[in-house]
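Structure first, then comments.
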Amino acid sequence: MGRFHRHDDGTAHSHDHGEHEHEHEHEHEHGDHSGYTTGSERIEVLEAIFAENDNRAAVNRDAFDSNGIRALNLMSSPGSGKTTILAATLDALAGEFAVGIVEGDIATDLDAAKLEGRGAQISLLNTSNGFGGECHLDAPMVNRALHGLDLPALDLVVIENVGNLVCPAEFDVGEHAKAMVYSVTEGEDKPQKYPVMFRSVDVVLLNKIDLVPHLDADVATYIARVREVNPSAAVLPVSARTGEGMGAWLDWVRAFASAR
Amino acid sequence: MHELSLCQAIAGVVKPHAAGRRVDVVRVQVGALRQVVPETLSFCWTLVRDHAEMPDAELELELVAAEVACRNCGRQSTIESRWSVFCPVCESADVSVVRGEEFLVTSVDVT
């Protein structure tokens with residue numbers, strides 16, 4: 001016999017079913033009892049979900065370009081040494097380039113404090129949103145942070161992303177190049193485990209090479225693993241602690257910042 | 001990991017198309033190379049849709065397999081491993097991605 005149905009939209013009706021199968025072969029309109037026709041309409045959208053982010057990234061890029069600024073998105077896992085490298089970089093380039101930093105941090109100003117007093121403008125960007133904090137910077141966030149910098153006075157902006165090897169790779173923030181820090185303490189399998197991030201970058205700083213004697217680590221293997229997923233990136237072995245290899249990185253930054 | 005923000009972005013794409021009508025279904029295409037966890041996206045959608053004034057909207061995900069064209073051996077192949085980007089024929093990493101980076105709202109059903 002007929003069976004009563006209540007649908008998600010609140011409408012109810014009854015109809016017959018086959019004895020064993022519960023199949024909805026019938027076509028019908030669900031009236032909502034309000035007198036209006038409520039036929040469902042399909043609308044083609046075909047719109048990229050990142051469109052809004054990408055539009056804002058283009059706004060950021062225009063702001064950089066119109067001020068003669070080169071922008072670098074610096075990414076890594078937590079604890080790889082991004083901030084230490086950045087501090088050493090600011091010290092070395094002071095007087096050569098006017099640098100602005102967008103410092104992405106979930107809730108603290110610890111990184112920003114480490115970078116104070118090195119001649120750079122710093123705009124701190126906390127990503128905490130009440131859900132525990134965003135795991136990445138997106139273009140609208142960076143856009144807000146740019147209001148904290150005097151752009152006409154700058155040559156180079158470094159956007160220090162939130163430490164994370166997954167999400168930051170997905171979001172264009174308006175940068176001209178992407179760099180990542182990858183330390184030898186993380187293990188040589190990371191390029192294979194996080195290929196989207198490793199494939200997205202123009203330069204990889206292989207950090208903490210001063211620790212190699214204490215680890216079962218081989219720099220050549222790390223470089224080979226990066227090359228397997230990204231044949232074109234520059235791979236620069238460095239130690240931010242001892243300064244070893246930092247010359248090559250500074251030259252990379254100089255060439256990047258001068259390529260306006 | 002960032003599925004909550006992605007759901008907010010999806011709602012942002014849908015809203016102007018719905019133009020005040022009730023949204024019943026949202027269809028989203030997800031490429032295998034996007035770092036999106038479908039189960040997490042579906043769960044986050046149930047949190048976001050209420051605040052986005054589309055509490056009845058079901059999220060339908062269409063997963064797109066990744067396909068690469070190899071510059072080394074010249075072949076085009078579908079890749080099985082979720083995040084791998086190697087040519088499955090010759091194992092070269094010198095590939096261009098043909099499919100698998102999609103992430104878009106394809107259509108919505110409104111009433």
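Every chain is numbered from 1 and lettered A, B, ... according to where its sequence line falls, protein lines coming before strand lines.
For the atom pair CZ of B:R27 and CG of A:L46, the computed distance is 11.5 Å after rounding to the nearest 0.5 Å. Within the model, atoms CD of A:E44 and OG of B:S107 stand 6.5 Å from one another, a figure rounded to the nearest 0.5 Å. Atom CD of B:Q35 sits about 9.5 Å away from atom OH of A:Y194, to the nearest 0.5 Å. Rounding to the nearest 0.5 Å places CD of B:E3 at 8.0 Å from SG of A:C135.
Interface remark: B:V14 contributes no atoms to any contact with chain A (heavy atom separation under 4.5 Å).
Within a 6.0 Å radius of CZ in B:F43, no more than 12 heavy atoms belonging to other residues, nucleotides or ligands are found. Surrounding CZ of B:R71 are more than 12 heavy atoms belonging to other residues, nucleotides or ligands, all under 6.0 Å away. Enclosure of atom CG in A:D216 is not indicated, since only 12 or fewer non-hydrogen atoms of other residues, nucleotides or ligands lie within 6.0 angstrom.
The aromatic rings of A:F50 and B:F103 sit tilted relative to each other, their planes meeting at an angle between 30° and 60°.
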Pair A:V45, B:V13 - check side chain to side chain contact (heavy atoms under 4.5 Å, CB included), show working. CA-CA 8 Å; A:V45 178; B:V13 169; 3.9 Å; yes

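By the ring-ring contact (aromatic ring centres under 6.0 Å, His included) test, B:W45 is found to be paired with no residue, residues two or more places apart in sequence or in another chain being considered.
A donor and an acceptor atom, one from each side chain of A:E47 and B:H17, are located under 3.5 Å apart.
Of all non-hydrogen atoms in B:I10 and A:I49, the two that sit nearest each other are CG1-CD1, 3.7 Å. Taking each heavy atom of A:I43 and B:V110 in turn, the nearest pair found is CD1-CG2, 3.6 Å.
Not a single donor-acceptor pair under 3.5 Å links the side chain of A:E228 to the backbone N or O of B:A93.
The side-chain heavy atoms of A:R199 and B:V97, taken from C-beta on, include a pair separated by under 4.5 Å. The side-chain heavy atoms of B:R21 and A:E41, taken from C-beta on, include a pair separated by under 4.5 Å.
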